[in-house]
Trainee: 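This structure is in structure tokens; I'll ask about it shortly.
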Amino acid sequence: MDKRFIATDYENKLYSFWEKQGFLKPKTKLKPFTILMPPPNANASLHAGHGMYAVDDILIRYKRIRGFSSLWIPGMDHAGFETQYVYEKQLKKTGKSRLDFDRATLYQNIERFVKDNSGLIYQQFKRLGFLADWSRSVFTLDSAVLERVYATFIKMQTEGYVYRDDYIVNYCPFCGTSLSELEVKHVERIDPLYYLKYGPLVLATVRPETKFGDTALAVHPKDKRYQQWIGKTVDVQGLLGQFKIKVIADETVDPDFGTGVVKITPAHDPHDFEVGKRHHLKVKQVINRQGRLNEHTGPYAGLKVKIAREKIVADLKQKGLIERIDDQYLHAVTVCYKCGRDLEPTIIPNWFIKVKQLKQPVIKAIKDKQVRFFPVRYQKQILQWLEQMHDWPISRQITWGIRIPAWYDINQTNAYLVFLNSQKESVKGYAQDLLKKYPFSQIEAGLQELSAPVGSDYTISVTKPEGQYLQETDTFDTWFSSGQWPLVTLKAEEYAYRFPTDVLGTLSDILPFWVSRMLLFSLYLKKQVPFKNVYLWSMVSDSKGQKMSKSKGNVINPIELVEKYGADAFRASLLFGVAEGSKIPLTEEKVKAMRNFANKIWNIGRFLEMSLKENSTAVDQFELIDKDLKTDEAKLLEEFNKLKAKYQNQMDRFQLSRTFGEVYEFVWHRLADEYLEALKVELRNGNIRTLKLVKNIFVSCLVLLHPFMPFVTEAVYQEFEGSQASLLVAKTT
RNA sequence: GGCCGCUUAGCUCAGUUGGUAGAGCAACCGGUUUACAUCCGGUAGGUCAGGGGUUCAAGUCCCUUAGCGGCCACCA
């Protein structure tokens with residue numbers, strides 16, 4: 001044995017050994033243990049956060065050693081929004097944009113882009129030693145997944161869970177899609193607050209450019225200052241001339257904000273949209289999806305929001321319609337979590353899932369502990385989130401994803417269409433007008449976008465119906481398909497045996513997006529929870545607890561660490577001394593410390609191997625009986641047995657970090673520092689009585705450590721037992 | 001504003017039903033005739049955020065204050 005454990009000499013060799021031995025696949029006819037891997041983005045490469053997938057691997061190996069039929073099924077996610085964003089960024093470098101392509105071509109291009117960039121992450125997972133059954137990998141755009149997603153959608157449609165409605169969504173004009181409430185970020189910002197004169201009243205707003213879409217003014221019903229105006233109509237001098245507007249009373253108006261009077265713009269503000277619904281106000285859109293003012297805004301039509309605002313403010317000032325400006329107004333703005341730009345609340349017809357009934361079984365299952373959360377505090381969080389979950393908008397205005405299988409008869413539906421004509425020019429307009437100028441086939445071939453008004457008839461079908469039908473251009477929200485992950489990864493015949501699966505290990509921040517949706521779909525379609533335990537981990541951060549990001553320049557490339565210190569060291573560093581559910585600071589120092597531990601394990605093995613060899617004749621003849629143990633020997637054995645009992649107990653409760661720490665402590669500071677140091681003296685005196693005992697204890701420790709540090713433990717074990725031996729099937733006490 | 005969590009050695013953090021504090025890294029002193037210097041032995045360093053309470057005994061339980069963080073809601 002070498003003086004040191006050189007990880008790179010062993011890792012690839014051992015991994016292919018495990019592969020050849022068939023350890024990536026489960027043994028049948030044993031108690032099942034199943035984990036579904038959270039599918040990483042298909043075009044992703046390994047980042048530090050993926051390191052925590054090691055948690056799954058630890059459990060898979062632990063259970064395998066304990067005699068379970070461990071199965072870890074991997075997969076990849078098409079990650080609609082994320083991927084299209086990355087693709088478009090790259091496209092931009094070539095001077096093009098998605099608008100240069102028809103939908104079908106764009107899809108194909110992204111598909112090729114993903115194909116070219118995928119697969120790398122599995123290679124990197126293998127370097128980390130993951131015992132997943134790669135042959136069973138599922139991609140979220142595989143035909144089996146599509147079938148499942150369509151079938152679910154059709155079932156939901158049939159059972160009345162699907163509807164279309166105009167909805168005010170957070171629309172990102174830059175990314176060209178609406179974002180769910182979970183995908184928006186709130187940032188605090190100082191903006192000017194304008195006090196505008198509306199006839200006899202004055203109101204405060206940060207968005208004067210939406211004034212053309214105002215359909216009411218509102219005050220608090222108990223506000224003494226404005227009682228006389230409630231229900232009345234006031235005459236207002238505006239930029240486009242004189243107009244009348246009604247004053248309404250609504251409880252949600254904060255009398256302390258500004259003057260206590262607010263303008264209601266249902267088309268461009270979520271709160272106003274709700275108020276508008278309550279008071280049956282007109283919805284008047286004045287900003288389009290490109291983030292520009294539209295034809296209802298007179299001279300401002302065509303201007304981008306920010307520029308329009310400046311101009312409008314200037315004109316208002318000139319006309320004396322601004323009372324004052326508070327330029328130190330601190331408020332929260334919703335921005336796109338992806339590109340960081342201001343979102344434009346916009347009315348867009350959307351597809352929705354009614355969740356009121358669907359979520360009830362989920363809440364019940366969680367309360368009944370059919371699913372358990374580790375750490376437990378997340379149980380409360382997900383319950384809180386479910387309680388106030390409202391209807392789920394499942395449509396996204398992006399191309400990369402599963403296209404909603406709804407078809408519109410274009411002669412009956414006056415949909416808004418955008419397509420590229422045969423000269424590759426962009427044409428926009430309503431179907432009825434366009435069909436007079438262009439043949440249907442040209443519209444169909446060049447189609448980029450279709451937006452059918454709410455209430456349009458549609459046909460749900462996986463294939464195109466007979467006639468002049470165009471398919472919905474919206475795709476399903478990524479989580480609509482990945483939410484059905486547990487229902488597309490197992491084979492039909494496995495459900496009786498492996499479902500619900502045992503553990504879902506994933507990042508805590510996708511608890512609402514993913515975990516809750518999987519529960520929802522699974523309980524809806526299978527009447528069962530998809531997994532019994534949810535193990536949540538947090539962000540891997542830098543040494544100061546800050547999130548790694550390119551802009552901060554604190555990104556650590558895990559593969560570099562693996563190359564330098566070994567996969568075991570990297571894995572262990574993410575577990576050692578980390579509280580379950582807390583942030584996981586990753587530092588090179590820590591990886592180094594764990595590399596040292598791997599080396600320690602190696603050298604304990606080396607020492608024992610050398611000692612056994614030197615004294616082989618004496619050792620062979622000597623048998624130590626339990627009752628002959630001296631106090632310190634008995635004590636060591638007792639401590640080890642205690643550790644082992646604790647180990648099992650804690651591992652089953654997912655206290656991985658603590659368990660690992662305790663084994664570390666025992667192996668290094670107890671077994672090596674104390675016992676082996678004492679044993680050295682004995683050996684010098686030719687006393688070999690405990691050598692076998694210590695070796696057995698050490699090998700048992702290797703078993704305990706194996707899930708955490710698979711490579712070094714297996715390497716040492718093979719030094720003892722030969723190159724075909726494996727801890728994964730070792731028979732130890 | 002609602003719910004949850006955190007505050008322990010210079011840094012990052014452990015500390016399971018309450019029994020006078022630990023690890024890793026960093027620092028200091030000493031030690032290499034071969035298991036490992038990726039090591040061993042030792043030293044220093046904490047009024048366990050502040051205050052109050054329960055108890056024979058509190059880092060650990062209860063109340064409270066402050067600061068930090070997470071989730072949610074609001075934000076015209």
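As the structure is a computational prediction, the values presented were derived from the model and not from experiment. Sequence lines set the chain letters: A, B, ... in the order given, protein chains first and strands last, and positions in each chain run from 1.
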Trainee: Identify whether any heavy atom of Gly577(A) sits under 4.0 Å from a base atom; if not, whether one sits that close to sugar-phosphate; answer base, sugar-phosphate or nothing.
Mentor: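 Counting heavy atoms under 4.0 Å across all strands, the contact made by Gly577(A) is with sugar-phosphate only.
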Trainee: Which part of the nucleic acid does Arg377(A) contact within heavy-atom distance under 4.0 Å: base, sugar-phosphate only, or nothing?
Mentor: sugar-phosphate
Trainee: For Glu674(A) and for Leu203(A), locate the closest nucleotide of RNA chain B by heavy-atom distance; then report the residue assigned to the nucleotide nearer the 5' terminus.
Mentor: Glu674(A)
Trainee: Considering every strand shown, what is the Watson-Crick or G-U wobble mate of G5(B) when both distances are under 3.5 Å?
Mentor: C68(B)
Trainee: Between Arg606(A) and Glu609(A), is there a salt bridge with N-O shorter than 4.0 Å?
Mentor: no
Trainee: If the P atom of A9(B) is compared with that of U47(B), how far apart are they to the nearest Å?
Mentor: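 Approximately 9 Å lies between the P atom of A9(B) and that of U47(B).
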Trainee: When we call it a touch if two heavy atoms are under 4.0 Å apart, what does Ala598(A) touch: a base, just sugar-phosphate, or nothing?
Mentor: nothing
Trainee: For nucleotides C3(B) and U64(B), find the distance between their P atoms and express it as a whole number of Å.
Mentor: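 Approximately 12 Å lies between the P atom of C3(B) and that of U64(B).
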Trainee: Using the P atoms only, state how far C28(B) lies from A66(B), rounded to an integer number of Å.
Mentor: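 Going atom to atom, P in each nucleotide, I get 42 Å.
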Trainee: How many angstroms lie between atom CD1 of Ile382(A) and atom CD of Glu387(A), to the nearest 0.5 angstrom?
Mentor: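 Between atom CD1 of Ile382(A) and atom CD of Glu387(A) there are 11.5 Å.
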Trainee: Test for a donor-acceptor pair under 3.5 Å between the base of C36(B) and the side chain of Lys600(A), counting only N and O atoms.
Mentor: yes
Trainee: Quick one: label Phe597(A) by what it contacts on the DNA or RNA (base, sugar-phosphate, nothing), any heavy atom closer than 4.0 Å.
Mentor: nothing
Trainee: Compute both the distance and the angle, then confirm whether Lys592(A) meets the cation-pi test with Tyr565(A): under 6.0 Å from the six-membered ring centre, within 45 degrees of the axis.
Mentor: no
Trainee: C1' atom, U20(B) versus A57(B): distance in rounded Å?
Mentor: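 Roughly 9 Å separates the two C1' atoms.
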Trainee: With rounding to the nearest 0.5 angstrom, report the CG to CZ distance, Asp214(A) to Arg207(A).
Mentor: 11.5 Å
Trainee: Counting the atoms with a prime plus P, OP1 and OP2 as sugar-phosphate, which does Gln384(A) contact under 4.0 Å by heavy atoms, base, sugar-phosphate, or nothing?
Mentor: base
Trainee: What contact category does Asn599(A) fall into here, base, sugar-phosphate, or nothing, at under 4.0 angstrom with non-hydrogen atoms?
Mentor: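 Counting heavy atoms under 4.0 Å across all strands, the contact made by Asn599(A) includes a base.
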Trainee: What's the gap between A37(B) and G41(B) when it is taken at their C1' atoms, as a whole Å value?
Mentor: 13 Å
Trainee: Ring centroid separation for Phe576(A) and Phe597(A), is it under 6.0 angstrom?
Mentor: no
Trainee: Counting side-chain heavy atoms from CB outward, which of C40(B), A37(B), A23(B) is closest to Trp668(A)?
Mentor: C40(B)
Trainee: I'd like to know if the side chain of Glu588(A) reaches the main chain of Leu561(A), judged simply by a donor and an acceptor atom lying under 3.5 Å from each other, with no hydrogens or angles considered.
Mentor: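 Side chain of Glu588(A) to backbone of Leu561(A): no pair is present.
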Trainee: Does Lys592(A) reach a base, just sugar-phosphate, or nothing at all? Heavy atoms under 4.0 Å.
Mentor: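 Counting heavy atoms under 4.0 Å across all strands, no contact is made by Lys592(A).
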Trainee: Could you measure between the two C1' atoms, the one in G70(B) and the one in A26(B), and give it in whole Å?
Mentor: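 Pairwise C1' distance, G70(B) against A26(B), rounds to 30 Å.
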Trainee: Quick one: the side chain of Lys3(A) and the base of A35(B), do they pair up donor-acceptor inside 3.5 Å?
Mentor: no
Trainee: Does Glu662(A) or Glu677(A) map to a spot on RNA chain B nearer the 5' end, using the closest nucleotide for each?
Mentor: Glu662(A)
Trainee: Can you check the Ile584(A) CD1 to A14(B) P distance for me, whole Å?
Mentor: 11 Å
Trainee: Quick test of your reading of the model: are Glu662(A) and Arg670(A) salt-bridged, counting only N-O distances below 4.0 Å?
Mentor: no
Trainee: With sugar-phosphate meaning primed atoms plus P, OP1 and OP2, does Lys564(A) contact a base, only sugar-phosphate, or nothing at under 4.0 Å between heavy atoms?
Mentor: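 Lys564(A): no heavy atom of the nucleic acid under 4.0 Å.
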Trainee: Mind checking if Arg207(A) touches a base, just sugar-phosphate, or nothing, with heavy atoms under 4.0 Å?
Mentor: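 Arg207(A): no heavy atom of the nucleic acid under 4.0 Å.
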Trainee: Using the P atom as the reference point in each nucleotide, state the distance between G67(B) and G45(B) in Å, no decimals.
Mentor: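 It works out to 32 Å between them.
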Trainee: Considering every strand and a 4.0 Å limit on heavy-atom distances, what is the contact class for Phe576(A): base, sugar-phosphate, or nothing?
Mentor: sugar-phosphate
Trainee: What nucleic acid atoms does Val275(A) come within less than 4.0 Å of, heavy atoms only: base, sugar-phosphate, or nothing?
Mentor: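 Answer is nothing: Val275(A) stays at 4.0 Å or more from every strand.
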Trainee: For G15(B) and U60(B), measure between their P atoms and round to the nearest Å.
Mentor: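 Nearest-Å result for G15(B) against U60(B) at atom P: 14 Å.
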Trainee: Specify the separation, in whole Å, of atom CD of Gln655(A) and atom C1' of G15(B).
Mentor: 12 Å
Trainee: For a quick check of understanding: with a heavy-atom distance under 4.0 Å over all strands, which category does Asp509(A) fall into, base, sugar-phosphate or nothing?
Mentor: nothing
